[in-house]
Amino acid sequence: MMKILQVDFPYAGPFGAEMAAQMQQLAESITQEPGFLWKIWTENQANGEAGGLYAFTDEASAQAYLEMHSARLKSFGVPSVRGRIFDINSELSTITKAPL
């Protein structure tokens, strides 16, 4: 069953187009992760946060990615990473045009 992984963490920047340019290789590498389906990148410059919403084919893939990504972020000096895995209510999500 598809799972959604929500991740956010403190982030000082860059944001917007500069972030996109600097993170292109990372974005490309994420597409190769086992069970990966898609990611929506999130950023909030005013609050100094970044993260994403990910879809994975299964919970094991989402959990493995969360563990790897959290360790990677911490190695970059990110002090805390919040990650949560959710089930999807397909019936309601279809009504609201989710990309299922």
Side-chain angles (χ1 to χ4, degrees):
M1 172 191 289
M2 186 190 304
K3 298 290 182 174
I4 295 295
L5 169 61
Q6 176 185 350
V7 175
D8 60 82
F9 49 90
Y11 183 71
F15 294 92
E18 188 179 348
M19 179 183 183
Q22 287 189 13
M23 302 291 181
Q24 183 175 344
Q25 284 186 316
L26 175 61
E28 292 169 356
S29 74
I30 292 170
T31 68
Q32 303 304 307
E33 293 295 328
F36 175 83
L37 296 170
W38 51 261
K39 176 182 180 181
I40 295 172
W41 292 69
T42 58
E43 58 183 69
N44 185 325
Q45 188 171 3
N47 291 341
E49 296 176 313
L53 299 171
Y54 304 74
F56 285 90
T57 56
D58 58 274
E59 186 161 356
S61 296
Q63 186 63 46
Y65 181 80
L66 175 58
E67 291 170 12
M68 180 278 298
H69 190 46
S70 295
R72 174 174 50 204
L73 289 168
K74 288 178 182 179
S75 78
F76 295 158
V78 173
S80 63
V81 177
R82 183 173 66 163
R84 299 183 289 178
I85 298 172
F86 295 93
D87 292 325
I88 297 170
N89 183 309
S90 297
E91 291 179 50
L92 291 173
S93 297
T94 299
I95 293 168
T96 56
K97 303 180 182 183
L100 304 177

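Any value given below was found using the heavy atoms of this structure, including those in side chains, with hydrogens, waters and symmetry copies removed.
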message = Run the side chain to side chain donor-acceptor pair (under 3.5 Å) test against N44 and tell me which residues pass, sequence neighbours left out.
response = none

ask   = With hydrophobic residues grouped by side-chain heavy-atom distances under 4.5 Å, do I4 and I30 end up in a single group?
value = no

message = Please identify which of these residues, V81, V78, N47, meets the side-chain contact (heavy atoms from CB on, under 4.5 Å) condition with P10.
response = V78

F9-I85 co-clustered via ILVMFWY side chain contacts under 4.5 Å = yes

inquiry  = Considering only residues two or more places apart or on different chains, which pairs with a residue in residues 80-92 satisfy salt bridge (Lys or Arg N to Asp or Glu O under 4.0 Å)?
reply    = K3-D87, D8-R82

Can you give me every donor-acceptor pair (side chain of residues 11-22, partner residue at least two apart or in another chain, under 3.5 Å) with its distance?
unit_1	atom_1	unit_2	atom_2	d
Y11	OH	G13	O	3.4
Y11	OH	P14	O	3.1

inquiry  = So does S90 get a backbone contact from the side chain of S93, meaning a donor-acceptor N/O pair under 3.5 Å?
reply    = no

Cluster overlap M23 with I40, hydrophobic side-chain contacts below 4.5 Å = no

message = Membership question, hydrophobic clusters at under 4.5 Å side-chain separation (ILVMFWY): are V7 and L26 in the same one?
response = yes

key: Pairs touching residues 60-100 that satisfy ring-ring contact (aromatic ring centres under 6.0 Å, His included), sequence neighbours left out   = Y54-Y65, F56-Y65, Y65-H69

message = Let me confirm one number: the OG-CE distance from S61 to M2, rounded to the nearest 0.5 Å.
response = 12.0 Å

request  = Kindly write out the residues that satisfy side chain to side chain donor-acceptor pair (under 3.5 Å) with Q63, not counting sequence neighbours, or none if the list is empty.
outcome  = E67

task = Supply the atom-to-atom distance T94 OG1 to N89 CG, rounded to the nearest 0.5 angstrom.
result = 8.5 Å

remark   = So the salt bridge (Lys or Arg N to Asp or Glu O under 4.0 Å) pairs with at least one residue in residues 31-46 (sequence neighbours excluded) are none

